[in-house]
Amino acid sequence: MDKVKRSLKTFSLRPYFFLLPSIFFLFLFIIYPIFEIIYSSFFYITPKGEERFVGLQNYLDLFSDSVFVWSLKNTILWVILRVTLMLILGLGIALLINYPFRGNSIIETILIIPWAMPLAIVCYGWKWMLNGPYGHFNSLLNILGLISQPFPEWLGSPLGAFLGVLGVSVYTGLPFTTLIYLSGLKSIPESLYEAALIDGASIWQRFRYITLPQLRAVVITIILLETIISFGSFTTVWIVTLGGPLHYTELIVTYLYKVAFEFFNWAKAFTIATIGFIILFIFSFIYISKTWRE
Amino acid sequence: MGEEKKVSRRDYLKYTGAAIGGLVVGGALGYLLKPAEVIEKTATVTIPGVEKTVTVTAPGVEKTVTKTISFTEITTTPIIKPGKISFMNMGGIATDILNEIVADFKKKFPGSDVLLDNVPHAQGHEKYLTLFKGGTPPDVGYFLDIWVPEFAEMDALVALDEFLGPTEWKKVADEFIGNSEDVCLWKGKHYAIPMYYSTRAMLYRKDKLEEVGFKIPNKDEWSYEMLYEAVKAIHKPEVGFYGFGMPLKDPKHTLRVFCQLGWPKGVELLDEKGKPVFNTQEAIDTLEYLVSLKPYSQPGAETYNEGDVYTLLYGGKLGFFVAGGAYTVLYIEKNYPELRPKIDYALPPKGKAGHKILQIADVLVMFNACKNKELAWEFMKYWIDPDWRLKLDQFIGFMPLTYGEASKPFFQTDFWKFWVEIGDKYGKFFPIWPWWPEIQSIIASGIASAWMGEKKPEDAIKYAYDESIKVYEKWIK
C-alpha cells in the first residue's frame, strides 16, 4: 500500500506530455493506417470509394484466388531459403574476414559494395547479366565452353527465375548480415579461444563450443530481421522478374502491388495487406519481445 | 460619463444628402470607368466555304466582324484567366516540341505558365493513381487509352464535352483516323482527346526469307500457314537468330500479339457491355497457333517485354514480330540504318474475319482537381491543332492522327499511306473498360501457361475465361 502511495506521490505527467508529439505522429503515420487498412478489408470498395460492409467475404474470395495462394506458398519458400542462405553465407564470410590476414580490410570494403549501391541499379545490372542472348553470364559460360547457342534464358524457366532472383536478393542483402555477424564475432573475448587452445581444442571444437554459442543472440537477431526483410522483398523481384514467369516468382508483396495499382482492386489489396501484416506482426512481436528481454 | 452631444435636424439632412450624393457620384464614376464586356471576349468564327477556323481576340470583335462577314456559327468562350497549369508527360516524349508549345502558350496567354513533369510509361498508371488519391494530380495528363474508363469511374477526370459542344465534337471526331474518338468515350461522355496514334502490323526480315528462298507474298496476302512456314524457315537458334518474337512478361504486350493473331480469326475478348466472350473455339485455335510458334521463338519469352523483343529485332536476332508499327520502322531507319533495307512490313495474316490490326492511341486528359480548366483546355487544344500535330508526329515518328494532318505533303509517301490506310480500314482498339487491366492480366497468364506447357490451350482459355467472368461480375455488382 505504501508502495502505491509512494508511486502516486512521485507520479508526474510531465514525461508523458513531452512524449505527446512522438505519440501523435506514431498514431498518425503508423497506427492509424494499419487500422484503416484492417478496417477497410471488411468492405467492398467501388472505384469512387463508396464502401459496403461485406464481413469476411474478401478473405474468403482471396483464399479462393489461386494466384494469391500460389504467391503465399512462394513467399514462405522464399523466406525459408533466403534466411537460410543469409545465415550460412553471412557466417562464412564473416569468419573469413574476421580471420587476421593481410588484405582482409580490402575484402571487407568490397563486401560493402552491393549494399552501398542503389538496389534498383544492382537489380537492373543482374537482370541484364542473366539475359539470354546479351547477358555476361552466358558469355562467360560460352567462353568456358560450358554452353553454346541457343543461350539459355536463366530467368525464363520457373526454377531458374526463382533461383536467379533469390541469388540477386541474397547478393544485395549479404553485406548487412555479414556485418552483424562480424560485430558479434568481434565481441567474443579472445581469452576464451586462448584457454581452448591451451586445452588443445581443434578449430572445429573452438567454432562449435565457443563461436556458435557466443553468436546465439546474433543468429536469433539475424533470423528475425531477415525474415521480416525477406517477407517484404519487393524491389528485387519486381525489377528482375516482375513476379514471372507465370507467377513463379510472385510474392505476396508483388501481388499486392499488382492488385492495388494495376487492377485497382482496393478491397482485395487491403485484405492481402492485412494478411501480410499479421504474418509480419508475429515475427516482429517475437523480435521485439526478445530484444526487450535482453 | 460625458455629456451627450445633440445632433440637429439640419445636420441630419446635411449628412444624409452628402451620403446620397456620394453614392450617386461613385456609381456614375464606376459605370463610366467599367471596361466594355466584349473587349476581353474571344469569338470563334467559322466562315462558310473556307475550311479554316479563325480565332480573333480584339476589342469590339463581335460587332465589327458580324457586319462584314456572314457567320454560320459564333461561339464565345469565357474569359481565360492567366495562371499556372501542370502537365504530366510520359516517357519524355517530344520534349523539344513540348517546350516550343509551352513557349507559344506563354506568348498567347501572357502571365501563364506550364509546369512540366514526366513519368516513365511503365510507372504511369501507378503515378497517376497515387497522385490522384493523394489529391495532387496534374492539371493535364498524358494517358494510355485503357486508363480512361477507370479514372472516369473515380470521378477523376473532367468531361471535356463542356468545352466542345456536340457539334464541335462531331467535327473533331470525324477528322480522326480510325475512330480514335472511341477511346475517349466513357458512358457517353468524352473524357479525353486523342494525343498520339499508331497502328501495329507485322515486321519481318525479308533478307532472311530471301536467303532461304521463301516466296514473300504481297503485304496483304499473308496467311497463317505462310507465317508459320516463314518463321520455321528462318529460325536459326544455333547462331542466335530466332524466327518469332514473343513478349510474355508484360500482359499488355502479350495481348498485343494475341489480338493481332486472334482478331482476324474472329476472336472477340469482351462484348459491347464489357463481358468476357472469349470462351470460343477461335480463341483456342489462336492460342494453339501461337504455341505452335514456340519452338521457333526466342528462349525464355516469359522474361521479354515488348522493348526486349525490339532489342532482339534491332540486334539482328529476330525474324518476325507481329506487333511492330511505323514508329519501329522509322526508329530502325534512324538508329540502325544498315538494318532498314533488310526489314519489311506487312499486314498480319488474314482470317475468316478479314484483316484486323491493333490500334493504339495515347490520349490527353484533364483532371477534375484542375483550378483553371479554361486555361488547361487551351493547352490541350495544341494536340488537335493540325500544324502542331504535324510537328509532333514528324518529331516522334508517329502516324497522323487526323485526315487533315494525313493530307499534308509530309504524309504523301507510300510508307505513310500504307499505315494510314490499314488503320482506317482494319484498325481495332483494345477493349476500353475499367476491368480490362485485370482481365488482360488473366488472359496473359492463360497464354503464358499454355506457352510454358502448363496447360493445354483449351484449358488455358477456359481458366482465363472463368477468372475473367469473376472479375467482370465483381465490377458489375
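Here the structure is a predicted model, which means the values were calculated and not measured.
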Side chains of [X] and [Y], donor plus acceptor under 3.5 Å:
| X | Y | answer |
| --- | --- | --- |
| B/E302 | A/Y248 | no |
| B/S441 | A/E262 | no |
| B/K342 | B/Y336 | no |

Face-on cation placement of B/K208 at B/F241 ring, 6.0 Å and 45° thresholds: yes

Distance under 6.0 Å and angle within 45° of ring axis: A/K268 vs A/F263: no

[X], part contacting chain B, at a heavy-atom distance under 4.5 Å:
| X | result |
| --- | --- |
| A/T241 | backbone |
| A/K258 | neither |
| A/V240 | backbone |

At a heavy-atom separation under 4.5 Å, does [X] approach chain A through its side chain, its backbone, both, or neither?
| X | result |
| --- | --- |
| B/T311 | both |
| B/K249 | both |
| B/W451 | neither |
| B/I439 | neither |
| B/Q298 | neither |
| B/Y128 | neither |
| B/V239 | backbone |
| B/F151 | neither |
| B/K133 | side chain |
| B/L248 | neither |

Near-ring test A/F264/A/W266, centroid separation under 6.0 angstrom: yes

Proximity of B/F320 and B/Y296 rings by center, below 6.0 Å: no

Most chain B-contacting option - heavy-atom pairs closer than 4.5 Å, from A/F151, A/Y134, A/Y44, A/Y257: A/Y134

Residue selection (most heavy-atom pairs with chain B, distance under 4.5 Å) from A/G243, A/G156, A/A161, A/G244: A/G156

Chain A interface, residue from B/Y304, B/W147, B/W435, B/Y242 that has the most non-hydrogen pairs under 4.5 Å: B/Y304

Passing candidate, side-chain hydrogen bond (donor to acceptor under 3.5 Å, both in side chains) with A/W78, options A/S233, A/S230, A/S169: A/S233

Steps toward side chain to side chain donor-acceptor pair (under 3.5 Å) verdict (A/N74, A/Y255): CA-CA 11 Å; A/N74 266 354; A/Y255 190 52; over 6 Å; no

B/D308 vs B/H253 side-chain heavy atoms within contact, under 4.5 Å: no

